[in-house]
Amino acid sequence: MFEARLLKSGQLKKILEAIKELLKEATFDCSDSGIQLQAMDDAHVSLVSMYLKSTGFDKFRCDRNLSMGINLESMVKIMKCCSNDDIMTIKAQDNADTLTIMFETSNQEKMSDYEMKLMNLDQEHLGIPETNYSCVIKMPSTEFARICRDLSQFGESVIIACTKDGVKFSTSGDIGSANVKLSQSASIDKEEEGVSIEMQQAVCLTFACRYLNLFCKAAPLSPQVILSMSGDVPLVVEYQIEELGFIRYYLAPKIEEDD
Amino acid sequence: MAPRGRKPKAKNEQDSTEYEKNRFIILPNALTKDKSTDLQLIKLRHPQTSELAIFVYSEKDKNLAQMRSLPFSHRSFFKGNKLIPIDRIDFVTLVDPLFLFLPYFIKCSSMFSPLDQILVDEHLPELNNLLMKLSELTNLNQVATRKEIGDLILWKYNENSTLEWLTPKIDKVAKVLVTQQINVNQNAAISSSFKLCETSIHSTDEQYKRYAYDIISEYLHSDIQKSLLKHLGLPEIVESNKRKADENRDVNKKVKHNKDEYDEMPHKVEKIVTPKLTAKDKALKKAATGTKSISSFFKKSS
């Protein structure tokens, strides 16, 4: 028996919005420590890793480890049936082929439940090694989204160059080129509003802009985004979900610009 | 011409051993009325295949009949107290010689020609005389246009009148099929032990017509077959061959069977296949080009 109660269903709604365009279907692995999801997109270029810890839920019960193959599009449809501050409960029996999602309004006056068919998905789990990244950039998630959006008008790939002066996003295309440079904030009132760069070694990598834009769909989940880079390894774009867990996107760098 | 399947009253005649031992020949009444008839076996080109086939010709009765042979081994019948084995049954049915002439007429359809120049077999000139003789039995106006120039009579093939001549034949055959309750369904089977329940016969007029057409077409060249089909207003079906249709049927059965097996597998939930690619998917795919696969960075965990 698996049961998880979340006080703010809006959080799961946002999570699904953040991954539904990269993944069509995914396996949610439930254990007593929480819910985990790891999946690659169809092109096998990016990887989504999500972890929702059990303590982040209002109530969490998982007697046996359970893998639920979920069609994300269907789940999004169900999540559209609730408002953001509804209380939601997810339930599934051991070895069940359906998942029950229940919503209740905070005043308990309206209850609704939805049942969704599960799928059998064969997905391979990738082991992600612990890496000490050469550069770790923390910046406001809205700022990152803005930069990705702006630069995607110019070119298909973005070069992210991190030096001790700051981080530079640049691209070029048919109409010309674009450069955005961010320097470390001098004084900040709140940590998540500023830009901070921890750097051991300068890094310059190229990434597909469209993917970065999809990662930015997770911006509503967290005010801050953490970009971690090292030479010739995938970029990590991490969003911390307050009290609940995190969602990380890994994106392999482009090998050659002239493709 | 007698339609296939309608057996004239049987009268047996033991054939000479010239052809094959123990042949059992079924002759139509028209050929046996007169004991002194001068039946002779002749070889002519079959109108559909233009291969040589055996026909029975009676000059006196002005009859031409076709012989269809059916191997029929390990059978026998009683004649009085005598047991007579049968190796082969020959059905003899009357044929309108016009059918045999059609290929010759079509060959010379480009211009008006005298008959003795139309009914000419290039490879077997010995047939020419015979063909001319046979032409006296028929009304050539049914398939050709006649023209008289001086004392010369010229003929030219006329497709329209041929089709007009063939259509009533098909209607006639179809009528017989209906009255004899012959099952014209494509997957019809012949069984001596089971009779088709009447309620299960629900062949349409079109099916009867098509079946009749199939019978008549056995005497027609493929070109005429096509125009006849059009003339009758029957939709063209690629399979005029029953066996082909049966093969398809088998394939379908197989697929169905496999599907059943598949369903029996202990599937939790069937995976919903969504093969369609939206413009977004395509754009994403394009964006992914030039990028290494992420699985080359992360090892698979067991």
Side-chain angles (χ1 to χ4, degrees), chain A residues 21-22 24-25 38-49 67-71 73-74 95-99 116-122 124-129 131 152 156-157 206-214 230 232-235 249-259, chain B residues 185-187 199-200 202 235 237-239 243-302:
Chain A
E21 286 193 46
L22 273 171
K24 288 195 178 70
E25 48 215 27
Q38 194 206 68
M40 283 185 278
D41 72 304
D42 283 346
H44 286 214
V45 162
S46 69
L47 181 128
V48 183
S49 170
S67 289
M68 301 184 296
I70 288 178
N71 181 313
E73 204 182 327
S74 316
N95 286 325
D97 53 8
T98 55
L99 177 73
M116 184 174 63
K117 286 178 190 162
L118 294 176
M119 308 159 79
N120 251 355
L121 300 175
D122 37 341
E124 46 194 3
H125 265 263
L126 297 178
I128 299 165
T131 311
S152 64
E156 284 174 0
S157 41
T206 310
F207 299 100
C209 210
R210 190 172 282 271
Y211 276 90
L212 295 179
N213 269 324
L214 291 180
S230 272
D232 288 326
V233 297
L235 160 83
Y249 300 94
Y250 295 83
L251 179 63
K254 282 207 165 195
I255 303 158
E256 275 306 316
E257 181 54 17
D258 54 300
D259 201 75
Chain B
N185 282 324
Q186 283 196 337
N187 46 352
T199 51
S200 69
H202 41 69
I237 297 177
V238 190
E239 39 81 34
R243 190 169 293 160
K244 247 186 202 162
D246 288 345
E247 267 167 19
N248 287 341
R249 196 169 284 275
D250 282 343
V251 170
N252 287 342
K253 262 184 198 164
K254 221 175 194 176
V255 169
K256 238 185 189 170
H257 190 57
N258 283 348
K259 208 178 159 196
D260 288 344
E261 281 176 358
Y262 178 74
D263 285 343
E264 280 162 20
M265 270 156 50
H267 260 285
K268 218 164 136 191
V269 184
E270 236 176 272
K271 186 171 170 177
I272 303 158
V273 188
T274 46
K276 54 169 185 185
L277 273 179
T278 60
K280 252 184 195 169
D281 294 333
K282 278 180 201 159
L284 200 60
K285 219 172 181 181
K286 201 186 156 216
T289 54
T291 310
K292 245 179 154 179
S293 167
I294 197 100
S295 45
S296 63
F297 296 100
F298 304 135
K299 277 181 200 137
K300 274 177 209 168
S301 61
S302 52

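What you are looking at is a predicted structure, and each value in this text was computed from that prediction instead of being measured.
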Atom group of A/Leu251 that falls short of 4.5 Å from chain B, counting heavy atoms: backbone
Sidechain-backbone polar pair: A/Thr131 side chain, A/Pro129 backbone, donor-acceptor under 3.5 Å: yes
B/Lys280: side chain to side chain contact (heavy atoms under 4.5 Å, CB included) partners, not counting sequence neighbours: A/Glu21, B/Thr278
If we define contacts as heavy-atom pairs under 4.5 Å, which of A/Cys209, A/Ala252, A/Ser46 has the most with chain B? A/Ala252
For each of A/Gly69, A/Pro253, A/Ala208, A/Ala43, tally heavy-atom pairs with chain B at distances under 4.5 Å, and name the one with the top tally. A/Pro253
By ring pair (Phe, Tyr, Trp, His ring centres under 6.0 Å), A/Phe207 pairs with (sequence neighbours left out) none
Decide ring-ring contact (aromatic ring centres under 6.0 Å, His included) for B/Phe298 and A/Tyr250; before the verdict, give the C-alpha distance in whole Å, the side-chain angles of both, and the deciding distance to 0.1 Å. CA-CA 10 Å; B/Phe298 304 135; A/Tyr250 295 83; 5.2 Å; yes
